[in-house]
**Student:** 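Dumping the structure here so I can ask a few things about it.
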Amino acid sequence: MHSCFWFWSLVLWSGSLCGQAIPAPITRQPEPIPTDVLSRTAISVSGTSTGTVATLPARAATPNTLPVFTADEFYQAVLQHNPIVRQAALLNQEAQAQVQQARGAFDPKLFTDYQKKNFGNTLYYDKWQSGLSVPVLPGGLDVKMTYDRSTGKYLNPENFVPSTGLIGVGVSVPVTQGLFIDARRNTLRQAQLAVDLADAERLSLINKTLLEAAKAYWDWYMAFQQFRWIDQGYQLAQTRFVAVRQRALIGDAAPIDTTEALITVQDRLVQLQQAGVSLQNARLTLSTFLWSSTAESTPQPIDLPPNVAPQAAPSDQISQLQLQELLSRASERHPELLKLTSKQQQVTVEERYRRALLLPKVNLQASLVSRGPLSEASYDGTDYYGFQADNHKIGVDLAFPLFLRAERGKLRQVQLKNQQLGLEWQQTGRDIVNDVQCAWNELSALGQQIATQQQTTTNQQVLVRAELDKFQLGESSLFLINSRETKLIDYQIKLEELRSKHQKALANLWYAAGSNVGHR
């Protein structure tokens, strides 16, 4: 009597647990979603996802009816709106600003100097000099135009000029040191090379961001598929429990079979809840890469819509020919090699400049001078004080350190830096080749594992169908059916895990080759 009461209590309680609708099994992949899915779906611009347990969006709408948010659409959204990618674009603009700053050393300059002294009702001197200096990039020349006007009782005789002032036009020429390169041209050339360095940094940052985004996408795919298969297993276990309970009610099955079926439902329900948490976390991780922005606006975070599904994992394979193409591309355009090349070019320019500093510093200054313009009343018809070869000023500056210890020490330091960069370039090139080869090996191995796992899953499906047929004939048990079915679900999840790893390995291969999956 006690056993009968226990049985009917269990049946009634389990009926309340499992009396929900059973969705149809998933038989095909979701349909592709249009590119503008993120703009058409209900997305919170600034809100974040809640911490509730994830479920398939509306059980009435099974995943085969959900729109698909493809990987390519996701990559393009990251490339267009992600703040890190937009930050990478600023690196090039910053380098261009440095070039503009370096060009400022060659800007023409206006200058003036005015001095006057008046003491005891006596004008000691009144001096005014102004002019224009124009640096010329080739040759390091400085073209100068000056105008001097000086009066006063106690004026230095060398400062005596005609009453109309003195006009001068001349040049300052570095004869030895600074003729081919000087500090201004060294700074400008290195700033120009820094543009290439910034571009390589930009590519490296974008590639790294796309790699992390690809991993997040295929982790979401894995969590989605895991939830999908566990949910299907839960629904099957629930259906089987209802059937066993009905058979027990009419005496066609032992009550203990109802308990075993219920335990399977409860176990898969726990797995389903955990898979829901994993799916929710994967959605949150993916949402960190999703932003909305325009050309002028600040990027705003958006959430992954709950009613979209990931695409099916494609069976992409890389042949030996494609591998060689990737290796060739990596040796020419890998960001790390481009950065080292730009740095080495900068150090080469610096070394050239440091070599020039070993020469004596000799500057030659020469200018033609002429008195200021005269009025017609004062003009005597001669050009004796005009621009001619006899009216000139010449100056020479000479400086030369005796030991050159500072110059030679800096030159040696730069030479060693150049050698270090050359060795680093060689090692980095070999590391890149090895990384690409390792990524390709992993990709190939995963492709073989996927093929094997597909065969294993197919064989397990045959075993499950055979066990069901035997159960219908009374030659099997519910325990064996649940065991084989659980094994089948594990195999299916393992297959999806391998597909997810395969896609992440493909993204890693492109990253190792210096590119990204968004530009393949």
Side-chain angles (χ1 to χ4, degrees), residues 28-41 43 57 63-86 88-89 202-225 228 279 282-295 299 301-319 322-323 325-326 329 333 335 439-440 443 446-447 450 496-520:
R28 63 186 179 90
Q29 290 294 332
E31 296 296 329
I33 188 173
T35 305
D36 60 344
V37 59
L38 290 178
S39 62
R40 293 190 294 102
T41 51
I43 300 173
N64 61 318
T65 63
L66 293 177
V68 173
F69 184 31
T70 67
D72 286 338
E73 292 167 354
F74 173 63
Y75 299 149
Q76 294 305 314
V78 172
L79 287 173
Q80 293 176 12
H81 307 293
N82 191 271
I84 297 180
V85 177
R86 298 183 66 176
R202 178 184 63 84
L203 292 176
S204 180
L205 187 56
I206 291 176
N207 291 346
K208 184 177 181 180
T209 303
L210 262 292
L211 175 63
E212 297 300 325
K215 291 180 178 179
Y217 182 89
W218 294 110
D219 283 341
W220 172 49
Y221 166 85
M222 175 58 199
F224 185 91
Q225 297 298 336
R228 171 177 171 247
L279 178 57
R283 283 175 175 166
L284 290 173
T285 302
L286 190 69
S287 296
T288 60
F289 294 92
L290 293 177
W291 296 76
S292 175
S293 66
T294 61
I302 59 177
D303 286 340
L304 180 70
N307 57 338
V308 295
Q311 71 170 65
S315 56
D316 296 333
Q317 296 294 338
I318 302 295
S319 64
Q322 292 173 311
L323 175 63
E325 292 177 354
L326 284 176
R329 177 188 303 179
R333 293 182 289 174
W440 184 80
L443 189 68
L446 286 171
I450 289 174
E496 299 299 346
E497 181 182 1
L498 289 174
R499 288 171 175 167
S500 175
K501 288 183 177 180
H502 185 268
Q503 292 302 313
K504 288 191 283 187
L506 181 62
N508 189 58
L509 174 63
W510 283 94
Y511 176 75
S515 185
N516 60 72
V517 291
H519 289 155
R520 53 180 172 172

**Student:** Is the backbone N or O of S500 less than 3.5 Å from a side-chain atom of Q503, with the two atoms forming a donor-acceptor pair by type?
**Tutor:**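 Answer holds: no.
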
**Student:** List the residues meeting salt bridge (Lys or Arg N to Asp or Glu O under 4.0 Å) with K215, not counting sequence neighbours, and say none if there are none.
**Tutor:**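 Result, salt bridge (Lys or Arg N to Asp or Glu O under 4.0 Å) vs K215: none returned.
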
**Student:** Compare every heavy atom of H81 with every heavy atom of W291, then report the nearest pair and how far apart it is.
**Tutor:**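 What the structure gives for the nearest pair is O-CB, 3.2 Å.
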
**Student:** Calculate, to the nearest 0.5 Å, the distance between atoms CG and CD belonging to L279 and Q225 respectively.
**Tutor:**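 So the gap between those two atoms works out to 10.5 Å.
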
**Student:** Which heavy atom of E496 sits nearest a heavy atom of M222, and at what distance?
**Tutor:**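 Taking E496 first and M222 second, the nearest heavy atoms are C-SD, 3.7 Å.
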
**Student:** Are any of the side-chain heavy atoms of Y217 and F289 separated by less than 4.5 Å?
**Tutor:**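 No, side chains not in contact.
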
**Student:** For A89 and R202, work out which heavy atoms get closest and say how close.
**Tutor:**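 Looking at all heavy atoms of both residues, the shortest contact is CA-CD, 3.9 Å.
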
**Student:** Going from NE2 on H502 to CD1 on I450, what distance comes out if it is rounded to the nearest 0.5 angstrom?
**Tutor:**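 So the gap between those two atoms works out to 5.0 Å.
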
**Student:** Could you check whether the rings of W220 and F69 sit parallel, tilted or perpendicular, using 30° and 60° as the cut-offs?
**Tutor:**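 Tilted.
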
**Student:** I want to check something: taking the side chain as every heavy atom from C-beta on, are L286 and F74 in contact at a cut-off of under 4.5 Å?
**Tutor:**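 Yes; the side chains approach each other to less than 4.5 Å.
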
**Student:** Hey, are Q311 and Y221 close enough side-chain-wise for a donor-acceptor pair under 3.5 Å?
**Tutor:**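 Looking only at side-chain atoms, Q311 and Y221 do not form any donor-acceptor pair under 3.5 Å.
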
**Student:** Please report the interatomic distance OG1(T288) to CG(L284), rounded to the nearest 0.5 Å.
**Tutor:**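 Between T288 OG1 and L284 CG, I get 9.0 Å after rounding to 0.5 Å.
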
**Student:** Just how far is it from atom OG of S204 to atom CG of N516, taken to the nearest 0.5 Å?
**Tutor:**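 Between S204 OG and N516 CG, I get 11.0 Å after rounding to 0.5 Å.
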
**Student:** Spell out, as yes or no, whether a donor-acceptor pair under 3.5 Å connects the side chain of S287 to the backbone of L304.
**Tutor:**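 Such a contact is found between S287 side chain and L304 backbone.
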
**Student:** Are W510 and L211 side-chain neighbours, meaning at least one heavy-atom pair lies under 4.5 Å?
**Tutor:**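 Result no, sub-4.5 Å side-chain heavy-atom pair not found.
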
**Student:** Verify, without hydrogens or angle tests, whether W440 (side chain) and L509 (backbone) share a donor-acceptor contact under 3.5 angstrom.
**Tutor:**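 Answer holds: no.
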
**Student:** Closer than 3.5 angstrom, by distance alone: can the side chain of N508 be matched with the main-chain N or O of A439 as a donor-acceptor pair?
**Tutor:**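 No, N508 side chain to A439 backbone: no donor-acceptor pair under 3.5 Å.
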
**Student:** If you take all heavy atoms of L446 and A505, which pair is closest and at what distance?
**Tutor:**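 So the minimum-distance heavy-atom pair works out to CD1-CB, 3.8 Å.
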
**Student:** So which atom in N82 and which in I84 form the shortest heavy-atom distance, rounded to 0.1 Å?
**Tutor:**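 Smallest heavy-atom distance, with atoms named: OD1-N, 3.0 Å.
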
**Student:** Provide the closest heavy-atom pair for N307 versus L66 in the form atom of the first, atom of the second, distance.
**Tutor:**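 So the two residues come closest at O-CD2, 3.9 Å.
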
**Student:** Kindly indicate, with the supporting measurements, whether the criterion salt bridge (Lys or Arg N to Asp or Glu O under 4.0 Å) is fulfilled by K504 and D219.
**Tutor:** CA-CA 9 Å; K504 288 191 283 187; D219 283 341; 2.8 Å; yes

**Student:** State whether K501 and E497 are salt-bridged, where the test is any N-O pair (Lys NZ or Arg NE/NH1/NH2 against Asp/Glu carboxylate O) under 4.0 Å.
**Tutor:**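 Counted as a salt bridge, because a side-chain N and a carboxylate O are separated by less than 4.0 Å.
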
**Student:** Please report the interatomic distance CD(Q76) to CG(L210), rounded to the nearest 0.5 Å.
**Tutor:**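 Rounded to the nearest 0.5 Å, the CD-CG separation comes out at 8.5 Å.
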
